[in-house]
Amino acid sequence: MNRAMQIQLKLEKTKREALPASLIAVTKYSPVEEVVFAYHAGQLDFGENRVQDLKEKAMYFQSENLNHVRWHFIGHLQTNKVRDVLKIPHLWAIHSIDSLRLVEELMRRSGDVASSPCRLFLQVNTSKEDEKGGFSSLEELSNAIQMIQDCSDKGKYVVFGLMTMATIRTNDLCGEAHRCFAELKTIRDQLNSLYNLDLKLSMGMSQDYLIAKEYDADFVRIGSQIFNSQV
Ligand SMILES: *Cc1c(COP(=O)(O)O)cnc(C)c1O
């Protein structure tokens, strides 16, 4: 079977299994040709976790007039890369807003937003693992939401949802995934009622997206299941 067809079949299967959540195909392991195969198979939402890789892929898509693409930035964003990411053509959302400092920088750089609105997901550190970024209290999250809503440059940003990753270093991946996703949903429900919002949930990767669905994930971010030919 050729590679394009292999990707198409895996995409179709994954998309069906993810429903009713929307599938973001994570292309961080994949050369741009494979992303193009997926696009032609009907996948429009793609996630990347490094600014430089996203920039290169987005530029290629633009040069080929593949303009229905929606790019999702899902990796840790350094404040000195904010301008670069905001200028990416067809950037749809940033899932990894993990500190007030980053929110401040985004607000300062609102003039660089190329595709408005830029949808922001606040990352929550539900696993409490040190190397993972993210907000860890309702108070911090509230501050971030207010800061974004108070942005004087109206229409550039929307507070769109919350994102998390489940615990990796554990003997109980499954139990931890349940705990982390349940926690994100609880926090989301609290923020929605406090601020009268309709925040979406971005959670679930190849190994735990079926669990994420049980807690009403709106977006699952899946890479290896689709693009790794070994899986
Ligand atoms: C890599 C990555 C994914 C996808 O992980 P897979 O296990 O390959 O499905 C999802 N979210 C984030 C933030 C990632 O970095």
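Every number for a ligand or one of its atoms is a count from 1 in the order of the listing. The first residue in the sequence is number 1, and the count goes up from there.
- For Lys200 and Asp198, the salt-bridge test passes: some basic side-chain N is under 4.0 Å from an acidic carboxylate O.
- The nearest protein atom to atom 1 (C) of ligand 1, hydrogens excluded, is given as Lys28 NZ, 1.4 Å; this is a heavy-atom distance.
- Between Phe219 and Phe121, the angle of the ring planes goes over 60°, which puts this pair in the perpendicular group of the 30/60° scheme.
- The existence of a salt bridge linking Asp53 and Lys28 is excluded, since no basic side-chain nitrogen approaches an acidic carboxylate oxygen closer than 4.0 Å.
- Residue Ser224 approaches ligand 1 through these ligand atoms, each under 4.0 Å from one of its heavy atoms: 6 (P), 7 (O), 8 (O), 9 (O).
- The pair Arg108-Glu105 counts as a salt bridge, with a side-chain nitrogen and a carboxylate oxygen less than 4.0 angstrom apart.
- Remark: Asn2 CG is packed, more than 12 non-hydrogen atoms of other residues, nucleotides or ligands lying under 6.0 Å away.
- The Gly223 neighbourhood of ligand 1 comprises atoms 4 (C), 6 (P), 8 (O), 9 (O), with distances under 4.0 Å to a heavy atom of that residue.
- For an aromatic pair to be called close, the ring centres must be under 6.0 Å apart, and His68 with Tyr39 fails this.
- With respect to atom 8 (O) of ligand 1, the closest heavy atom belonging to the protein is Tyr29 OH, 2.6 Å.
- The distance from ligand 1 to the heavy atoms of Met165 drops below 4.0 Å at these ligand atoms: 13 (C).
- Atoms of ligand 1 found under 4.0 Å from any heavy atom of Ile222, numbered from 1 in the order shown, are 9 (O).
- Proximity to Asn49 (heavy-atom distance under 4.0 Å) selects the following atoms of ligand 1: 15 (O).
- Side chains of Glu176 and Thr170: no donor on one and acceptor on the other come within 3.5 Å.
- Note: an N/O pair closer than 3.5 Å links Arg221 and ligand 1 by distance alone.
- In terms of protein heavy atoms, atom 10 (C) of ligand 1 is closest to Met205 SD, 3.4 Å.
- Near Ile74, meaning under 4.0 Å from any of its heavy atoms, are these atoms of ligand 1: 11 (N), 12 (C), 13 (C), 14 (C).
- The pair Arg16-Glu12 does not count as a salt bridge, with every side-chain nitrogen at least 4.0 angstrom from each carboxylate oxygen.
- Of the protein's non-hydrogen atoms, Ser206 OG, 2.5 Å is the one closest to atom 9 (O) of ligand 1.
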